[in-house]
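First the structure, in the form of structure tokens, and then the observations on it.
This one's a predicted model, so the numbers in the text were calculated from it and none came from an experiment. The chains referred to below are lettered A, B, ... by the order of the sequence lines, with proteins before strands, and numbering in each begins at 1.
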Amino acid sequence: MARQSAPVIDAHASFDDFSTLLLEWYDRHHRHLPWRTPPADTRVGVLPDPYRVWLSEVMLQQTTVSAVKSYYEAFLAAWPTVEALAGAETEAVMRAWAGLGYYSRARNLKKCAETVAADHQGRFPDTEEGLKTLPGIGDYTAAAISAIAFNRPAAVVDGNVERVVTRLLAMETPLPDAKPLIRAFVANILPADRPGDFAQAMMDLGATICTPRNPACVLCPVSADCLARQNGTAERFPRKAPKAEKPLRHGAAFVARRGDGAVFLRKRPPEGLLGGMTEMPTTGWTARQDGETDTSAAPFPADWRDCGTIRHVFTHFALELSVYRADIQGSGETAAPLPAGWWSSPEELPGEALPTVIKKAIEAAIPGATKKRQRDRKTS
DNA sequence: CATTCGTGGGC
DNA sequence: TGCCCAAGAAT
């Protein structure tokens, strides 16, 4: 829209001091994060390990900093280099990723490490174009790695930057249509000397000052440049296309417990929802509830007992899962042959590649079963 | 290009 | 409680 391109051009001149003010703020108020090299170091040419930048950026895709921290530390301890990760077992990576969500990221992480180790001598490409050829690295992550790990002038646009820029310009164009305009604006104001710090400064500003609700405009280093601030409409940006409503799906899950406490598990298909992760036998999750028990869909005949229903909300649908438990006598022999899978002992179960929704279902059937064993509580 | 992909926290 | 959101990518 012509109406939107004009402000971007005008902005270039009037936002001349923007980067200076933002970087001065970042030098004093930047967040301290495990994967970050502080500006005192980057300013003298000390850059972070690209492997660590990549690992953190993939984990941070649609995921909060607080959720990522412990996973990042665990991955770095288990696999300190891209070669180490390339040599890991995929199943070990899936177990370590369990609970973080968006599990295709874990498989792509492993594939990417293998490619970098085998085809790039263990070194990540330094250009956006080169990085984007790798699995799991898209527009944002390629720009972020190029800027942060190699200090190249890439326009890094994530959700934070979208919010900051649409407010600065009071941009009426809704997302995602506004994305090219935002990228062009960022490319125009990008400081040639500190592109990595600039990218992180924009994200820190969005995360700590220019927040979705109740932005702290009074503390903002660039509030004088902000059109939404002048209009008192910061919270109205960014504008977004209306979202589709979430359908409700139903299903049933079957927790078979052996005499020694082991639980029967299987692996989900490698692609799609919770791809490659571990679960107990379940029905499909599109079946309509008919008011009758679902035990006719059980993986084998047994005395299936109703353990209630759990609810779980995914990105694009909600799930009501009926949970059943059967106690199998002896060492797991059933009236019918078992489907593909394995028995997981009480010691192994907490470390399996169990998504959160599956853990919730197991907990409904066997309280405490997925929790890592705690030391005996002393009655102090 | 619209849809498909998790989860936990904040209000 | 329900809705929004978080350093998006793949198809």
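Sorted by residue number, the members of residues 139-148 of chain A with any non-hydrogen atom under 4.0 Å from DNA chain C read A/D139, A/Y140, A/T141. Contacts between residues 33-54 of chain A and DNA chain C, defined by a heavy-atom separation below 4.0 Å, involve A/L33, A/W35, A/R36, listed by number.
Here A/N160 pairs with A/D158, A/R163 under the side chain to side chain donor-acceptor pair (under 3.5 Å) rule; sequence neighbours left out. Shown here are the salt bridge (Lys or Arg N to Asp or Glu O under 4.0 Å) partners of A/E162, two or more places apart in sequence or in another chain: A/K179. Here A/R239 pairs with A/E172 under the salt bridge (Lys or Arg N to Asp or Glu O under 4.0 Å) rule; sequence neighbours left out. Partners of A/K240 under the salt bridge (Lys or Arg N to Asp or Glu O under 4.0 Å) rule, at least two apart in sequence or in another chain, do not exist in this structure. Residues meeting the ring-ring contact (aromatic ring centres under 6.0 Å, His included) test with A/F150, sequence neighbours left out: none.
Residue A/E57 is the one, among A/I137 and A/E57, whose nearest nucleotide of DNA chain C lies closer to the 5' end (criterion: closest heavy atom). Residue order along DNA chain C, read from the 5' end via each residue's closest nucleotide, puts A/R31 first among A/G136 and A/R31.
For the salt bridge (Lys or Arg N to Asp or Glu O under 4.0 Å) condition, the pairs that include at least one residue of residues 200-221 of chain A, sequence neighbours left out, are A/R31-A/D204, A/R36-A/D204.
Taking the ring centroids of A/W304 and A/F254, they lie under the 6.0 Å cut-off.
The nucleotide range of DNA chain C contacted by chain A, defined by atoms under 4.0 angstrom from heavy atoms of the protein and reported 5' to 3', is C/dC4 to C/dA10.
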Report, as a single string ordered 5' to 3', how protein heavy atoms within less than 4.0 Å touch nucleotides 2-11 of chain B: B base, S sugar-phosphate only, - not at all. --SBBBS---

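Between A/D27 and A/R43 there is a salt bridge, since at least one side-chain N of the basic residue sits less than 4.0 Å from a carboxylate O of the acidic one.
If you chain together ILVMFWY residues whose side-chain heavy atoms come under 4.5 Å of each other, A/V46 ends up grouped with A/V44.
On the C1' atoms, B/dA2 is 23 Å away from C/dA7, given to the nearest whole Å. For the P atoms, the distance linking B/dG8 with C/dA9 amounts to 22 Å, nearest Å. Rounded to whole Å, the P atom of B/dC5 lies 22 Å from the corresponding atom of C/dA6.
The aromatic rings of A/H312 and A/F314 lie perpendicular to each other, with more than 60° between the two planes, well past the 30° mark. Ring-plane geometry between A/W54 and A/F124 is classed as tilted, the angle between the planes lying from 30 to 60 degrees on a 0 to 90 degree scale.
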Tell me which donor-acceptor pairs under 3.5 Å the side chains of residues 227-234 of chain A have, and how far apart each pair is, sequence neighbours excluded?
residue : atom : partner : partner atom : Å
A/N231  : ND2  : A/L227  : O            : 3.3

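A donor-acceptor pair is defined here as one N or O able to donate and one able to accept, closer than 3.5 Å; such a pair exists between the side chain of A/K110 and the backbone of A/A88.
Across all strands, A/R107 comes closer than 4.0 Å to no nucleic acid atom at all (heavy-atom distances).
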